[in-house]
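Because the structure is a prediction, the values reported are computed rather than measured. Quick note: residue numbers are just sequence positions, from 1.
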Amino acid sequence: MAHLQLTALAGGAGDEMEEVALLGSYDVEAGPVAASDEEAGMRRVQDEDIVEAIEDAGFEAEILPDSTVSQPKSQKTLSGQFRIGGMTCAACVNSVEGILKKLPGVKRAVVALATSLGEVEYDPSAISKDEIVQAIEDAGFDAALLQSSEQDKVLLSVTGLHTEGDVDVLHDILKKIEGLRQFGVNFGNSEIEIVFDPEVVGLRQIVDTIEMESNDRLKAHVQNPYLQAASNDAQEASKTLHLLLSSLLLSIPVFFIRMVCPHIPLISSFLVMHFGPFCIGDLLKWILVSMIQFVVGKRFYIAAYRALRHGSTNMDVLVVIGTTASYVYSVCALLYGAFTGFHPPIYFETSAMIITFVLFGKYLEVLAKGKTSDAIKKLVELAPATALLLLKDKGKYSGEKEIDASLVQPGDTLKVLPGSKVPADGVVIWGTSHVNESMVTGESVPISKEVSSPVIGGTMNLHGVLHIQATKVGSGTVLSQIISLVETAQMSKAPIQKFADYVASIFVPIVITLSLLTFLAWFLCGWLGAYPNSWSAESSNCFVFSLMFSISVVVIACPCALGLATPTAVMVATGVGANHGVLVKGGDALERAQNVKYVIFDKTGTLTQGKATVTTAKIFSGMDLGDFLTLVASAEASSEHPLAKAILDYAFHFHFFGKLPSAKDSIKKRKEEILSQWLLEVTDFSALPGKGIQCWINGKKILVGNRALITENGVNIPDEAEHFLVDMELSAKTGILVAYDGGFIGLIGITDPLKREAAVVVQGLKKMGVHPVMVTGDNWRTAQAVAKEVGIDDVRAEIMPAGKADVIRSLQKDGSVVAMVGDGINDSPALAAADVGMAIGAGTDIAIEAADYVLLRNNLEDVITAIDLSRKTFSRIRWNYFFAMAYNVVTIPVAAGVLFPFTGLQMPPWLAGACMAFSSVSVVCSSLLLRRYRKPRLTTVLQITVE
C-alpha cells in the first residue's frame, strides 16, 4: 500500500471546494509490495495517478520513500498442538524444542514429556503445519497435528465413504456449498479437511448439506481432538504391547536353550549337534536374537540414529550401545569358535533380555502416563456428545432434532431433559429445575435454575425440563476454558525442571565415559594381574569379564526417571486441582505457591460476600428522604461498583417495592422501565477510583463517596454527621457521604456480611505459617473492625487500586513470596504484581487473566487447598528426584563392579536392563500417588477435636 502525505494548498479552495470521490475509480488492494518488475511498474503508475487526482482536488501530495513504509505484518499467528511420539527423556524434549525454535516462522515452542504434546505458535505465511510435522519426524520422532487455533478450519470424519464413487459424490456436494473456500478428502482415513467462511456458511449447514445431498448415505461428524489424542494413546500402548509380546515370545526359547535345556539329556544332545561349523543350539539363539535385535529393536536404532544426527543423546542411544556390544561380541565369539575350535562363552540372551525388559518398562510407563492425564479425559467426557435442537417455523417451535453437540451455534434454543447434560453455556428461557454443577465448579449443592438463570455446559440437569438459549459454544464455554487452563498448566515447565534438563543434556555422555573407564579399569587390571584369574574364569578371559561390567553400566543408567520426575507430578497435581475447583495455570505458579509467606486479601467480595446492603440512610438537611434517595440513586446509576448497586436497589425498593409483580423475569423488565422514568438526568458523570463518583444533576454538582472526596472538594462535614459516621465505621459498616450544590446533605450506611469461612481460613493460614494481610480502599475504622472480626492483624486501608500493587512490592523486598486473593477488575494490577495471584469465585475475565490460580468456587477454603496442593506436589517431586538420583548413584557403581572384590556380586547386563526399565516406572507411579490427594480439613489444620 502506498503511503501518501497530504497537505492543503496555500490559498486553497477551503470550504468552497466540492466533495470529490478521489479514489472512487481506482481498485487499490492493500497488501505486500509486489516483487516482479511488471507489477512494480503498475504500482508506480497507480501512485502517480493517485497523486494527480489528489492535486486536482486542491491538495498537495507526495509519495513517501520506501524506507518509511513499514513492512507488512503477518496477518495472524496460529497456535497448533502436535502429538509427538517416541520421546523418552528430557534430552528428547530439549532436542525437539531446539529443532522447532530454529524453524523459520516459529515464534514459540513448548514440548511436554508427560503428555507427549508440543504447542507451537507459528506464522502460517512463513511455515505450514505439514513442514512442522516433517521437521519433528526428521528429528526421529512421530508427529501429527491434533488441533489448531484456526477457527475456520475443521477436520470432519465421514461415514459412508466406501468407494471412489462416494468420494466423487462428496466432491460434487462440497463444490456447490457457498462459502466453502477449500477442502481436501482423505479417502484412506475417511476424513475431510475444510476451510470455510463462517460469515457465509455455518459448520452445521455444511454437515446438514452433506447428509441431505447424499440422501443420508454420507454422514459427517466433527472430530474431537481430545478423543483423537486418547485414540493415539491407545494405539501407542497397543503398539508397545505388540513389540513386547513379540520380544517375549522370541526371548523365552533363548532363555530355555541357555538355562533349562542343558539339564534335559535328550534336548541337550540335539542342541550340541553340529550344522556345519555351528552347534544347533548356538545357531538357534543367533537366529532368534537377531530377530529381536533388528526387527523388534529396530525402533531403538532409528531413534538413536536420529538423535545422534541432531547432536543429542537419549536413552535409546544407551540401549543400542549396550545391546549391540553384547550382540556383536556374541557373534564374533560364535564365529571365532566355529573356525578355531576354541569356544568362548556367548551372551546372546543378554541383548534379548535387555530389549524385552526395556519394552516391558516402556509399556508400563505408557500405561502409567495415561493415568496422569485422567483429569483431562474426565473433563472432556463431561461435555455431552449430542444436543436437542428446538426447530422454529414462523417464530413457533415446530419440532426438535438431535444434533452433534459440537454443531451448536450461539442463539440456538436447546431442550435439556431431566438426567441429561447441558450441551453449551447459555441462559434458561423456559422451565425450572436444579442443576448439579459440582463436576465443573466443585460446588456440591445443586443450584436452582429458572428463567434468566445462567447454565454451564457439561453440568447435569437433575429434574425438570429446561429450554436454554446457547450463548457460548466451542472454545468459549466455561468447560473448554477449564480444559484449556489445565492443558496449559500441564504443558508448562516448573523452574525445578531446569535441573533435570541440565542433567539430561550431560547424562548420556557421562554414562558412556564411565562405561569406557569401567572396561579399561577391569581390563588393564586383569592384563596386569592385579586380580586373581579365578575372578574372570567364568567369562573365559578378562576382556569378556570387563565387557560385561561395561555393558551393565551403559544399560542400567536411566535418564528417563529424571526427565519424568517433575512433569508427571505437575500433570497429576493440575488434574487433581481441577477436580477440586482449583485451576493452576502452570508449573511455575505451582512451584511458587509452596513458599508463600504472605496472603493478601481484598476485603469486598473476597473476605465479604460481595452482597452489600444499605442498612441506614440519614438526612442532615431539610430534604425529604425519598428525594434524597432519588438524587443519590440517579448519580450512582452509571456506576458499576457493588456499593452503587446496593444504593440503587435500596432506593428502588423504597419507592416501588409494593407495586411490582412477583415473577423474577417480570421484575427485571419492570425495573428497567421504572428506572428510566424515575431517575433524574445526569451529565458529566465521572468515577474517581478509591473515592467515589461526581456528576451534575439539575445543573448542580453532586458528590457521592468517602470522606476524602467530600473534604477535597471543600465541603464541611457537620459534627453530628461525623459522630454518626464514626459509630458506623466502628461497627464494620461503610459510610457513603453525599454533598449537593456545595453542601453536605446526608450519608448512607452499607454493610457487606463476612463469608462464614473467613475467620476459620485466616486461622488456618496462620497455622500453616502464612501471614494474612487485608488491603482495602475502605476507611481505617471499617477496615480494622472487619479485620478484628476475622482475626487479621496486618491491615492496609484507604489504598487505591494501584496502591495494592505497591503494598505487594513492599512485602516482596526481603524476598518473601506474596500471594494475592481478589475477585474484581480493580484487583488485576495486584494479582499481576503478586508472585501468586488467585482469582476467587467467578471473578471477572480480567481478574482471571491476571491470576496464576483460578478458584472456581467462591470459597476461601480453596486458598488453603491451593497452597497445600502445591506443598504436597513439590514434596512428591523432591522424592521423585531422590529416587531417580539415588537409583543412578547407587546402581551405576554396583553395575561397574565396585562391590565385586568384596562380595563377589556381579550384576549381569540383563538384570541391569530390568532395573533400568523399572526405575522410570517407579517415578511415574510415585507421581500417581498424588491422585489420592484429599483437601485438608479445617479441623485438622486448626488441630480442633470434634467430639
**Message:** Is it the case that the side chain of Arg878 and the backbone of Phe874 share a donor-acceptor pair, with hydrogens and angles ignored and the cut-off at 3.5 Å?
**Reply:** yes
**Message:** In the structure I gave you, are the side-chain heavy atoms of Val289 and Ser351 within less than 4.5 Å of one another anywhere?
**Reply:** yes
**Message:** Evaluate Glu121 against Lys101 for salt bridge (Lys or Arg N to Asp or Glu O under 4.0 Å), listing each step before the verdict.
**Reply:** CA-CA 10 Å; Glu121 283 183 13; Lys101 286 173 181 175; over 6 Å; no
**Asked** Is there a donor in the side chain of Tyr887 and an acceptor in the side chain of Ser922, or the other way round, less than 3.5 Å apart?
**Response** no
**Item:** Residues forming a side chain to side chain contact (heavy atoms under 4.5 Å, CB included) with Ala143, sequence neighbours excluded
**Value:** Val133, Ile136, Glu137
**Request:** Please lay out, stage by stage, how Tyr122 and Ser79 fare under the test side-chain hydrogen bond (donor to acceptor under 3.5 Å, both in side chains).
**Result:** CA-CA 6 Å; Tyr122 63 98; Ser79 177; over 6 Å; no
**Request:** With the side chain counted from C-beta on, respond yes when Asp316 and Tyr301 share a heavy-atom pair under 4.5 Å apart, and no when they do not.
**Result:** no
**Fill in**
Tightest non-hydrogen contact, residues Val890 and Pro893, listed as O-CD, 3.3 Å
**Fill in**
Distance col, row Leu145:CG vs Ile132:CD1, nearest 0.5 angstrom, shows 8.5 Å
**Message:** Measuring from atom CD1 of Ile354 to atom CG of Leu318, what distance do you get when rounded to the nearest 0.5 angstrom?
**Reply:** 11.0 Å
**Asked** Yes or no on side chain to side chain contact (heavy atoms under 4.5 Å, CB included) for Asn888 and Phe507, after CA distance, side-chain angles and deciding distance?
**Response** CA-CA 10 Å; Asn888 285 296; Phe507 187 87; 3.4 Å; yes
**Request:** Determine the minimum heavy-atom distance between Leu250 and Met291, stating which atoms define it.
**Result:** CD1-CB, 4.0 Å
**Message:** Once you measure the plane-to-plane angle for Phe549 and Phe545, does it fall in the parallel (<30°), tilted (30-60°) or perpendicular (>60°) bin?
**Reply:** perpendicular
**Fill in**
Between Thr873 and Ala573, the two heavy atoms sitting closest are OG1-CB, 3.2 Å
**Asked** If you measure from CZ on Arg931 to CG on Asn579, what distance do you get to the nearest 0.5 Å?
**Response** 9.5 Å
**Fill in**
Here the gap from Ile510 atom CD1 to Leu517 atom CG, rounded to the nearest 0.5 Å, amounts to 11.5 Å
**Request:** State, with a plain yes or no, whether a side-chain heavy atom of Phe348 is found less than 4.5 Å away from one of Leu334.
**Result:** yes
**Asked** What's the spacing between Leu243 CG and Lys298 NZ if we round to 0.5 Å?
**Response** 11.0 Å
**Asked** Do Met548 and Pro908 have side chains that get closer than 4.5 Å, going by heavy atoms?
**Response** no
**From CA spacing to verdict: salt bridge (Lys or Arg N to Asp or Glu O under 4.0 Å), Glu236, Arg83** = CA-CA 11 Å; Glu236 185 182 351; Arg83 176 162 187 80; 3.2 Å; yes
**Prompt:** Is Glu131 reaching over with its side chain to a backbone N or O of Ser128, donor-acceptor style, under 3.5 angstrom?
**Reply:** yes
**Request:** Answer yes or no: are there more than 12 heavy-atom neighbours, outside His221 itself, under 6.0 Å from its atom NE2?
**Result:** yes
**Request:** Say whether, by atom type as modelled, one donor and one acceptor occur between the side chain of Trp522 and the main chain of Ala896 under 3.5 angstrom.
**Result:** yes
**Message:** Would Leu905 and Phe900 count as a side chain to side chain contact (heavy atoms under 4.5 Å, CB included) here? Give the steps.
**Reply:** CA-CA 5 Å; Leu905 181 65; Phe900 184 80; 5.8 Å; no
**Request:** Could you walk me through whether Val570 and Ile877 pass side chain to side chain contact (heavy atoms under 4.5 Å, CB included), step by step?
**Result:** CA-CA 8 Å; Val570 169; Ile877 287 173; 4.2 Å; yes
**Request:** Answer yes or no: is there a donor N or O on one side and an acceptor on the other, between the side chain of Ser550 and the main chain of Ser546, under 3.5 Å?
**Result:** no
**Message:** Could you tell me if the side chain of Gln293 sits less than 4.5 Å from the side chain of Ile355, heavy atoms only?
**Reply:** yes
**Request:** Report yes if the side chains of Ile84 and Ser116 come closer than 4.5 Å at any heavy-atom pair, otherwise no.
**Result:** no
**Asked** What closest approach, in Å, do Thr240 and Leu359 show between heavy atoms, and which atom pair accounts for it?
**Response** CG2-O, 4.0 Å
**Request:** Check for a donor-acceptor pair, side chain of Ser247 on one end and backbone N or O of Ile292 on the other, with a separation under 3.5 Å.
**Result:** no
**Prompt:** Heavy-atom distance under 4.5 Å between the side chains of Phe82 and Glu119, does that happen here?
**Reply:** no
**Asked** Checking Ser552 side chain against Met907 main chain: does a donor-acceptor pair fall under 3.5 Å?
**Response** yes
**Item:** Member of Phe300, Trp286, Tyr327 meeting the ring-ring contact (aromatic ring centres under 6.0 Å, His included) criterion with Phe294
**Value:** Tyr327
**Asked** Are the side chain of Thr324 and the backbone N or O of Val320 linked by a donor-acceptor pair below 3.5 Å?
**Response** yes
**Asked** About how many Å separate OG of Ser330 and CG of Asp282, when rounded to the nearest 0.5 Å?
**Response** 10.0 Å
**Message:** Please verify the inter-ring angle class for Tyr531 with Trp535; under 30° counts as parallel, over 60° as perpendicular, anything in between as tilted.
**Reply:** parallel
**Verdict with supporting geometry, Ser927 and Asn880, side-chain hydrogen bond (donor to acceptor under 3.5 Å, both in side chains)** = CA-CA 8 Å; Ser927 294; Asn880 286 353; 2.9 Å; yes
**Fill in**
Between Lys872 and Leu930 the two heavy atoms that sit nearest each other are O-CD2, 4.0 Å
**Message:** Any non-hydrogen side-chain atom of Leu117 less than 4.5 Å from a side-chain atom of Val111?
**Reply:** no
**Asked** Would Val555 and Val319 satisfy side chain to side chain contact (heavy atoms under 4.5 Å, CB included), going step by step from the backbone distance to the final call?
**Response** CA-CA 6 Å; Val555 173; Val319 171; over 6 Å; no
**Item:** Residue from Ile551, Leu547, Thr323, Val554 passing side chain to side chain contact (heavy atoms under 4.5 Å, CB included) with Pro909
**Value:** Ile551
**Complete:** In terms of heavy-atom contacts, Val106 and Ala109 come closest through CG1-CB, 4.4 Å
**Request:** Apply side-chain hydrogen bond (donor to acceptor under 3.5 Å, both in side chains) to Gln134 and Asp130, showing your working.
**Result:** CA-CA 6 Å; Gln134 187 62 49; Asp130 295 326; over 6 Å; no
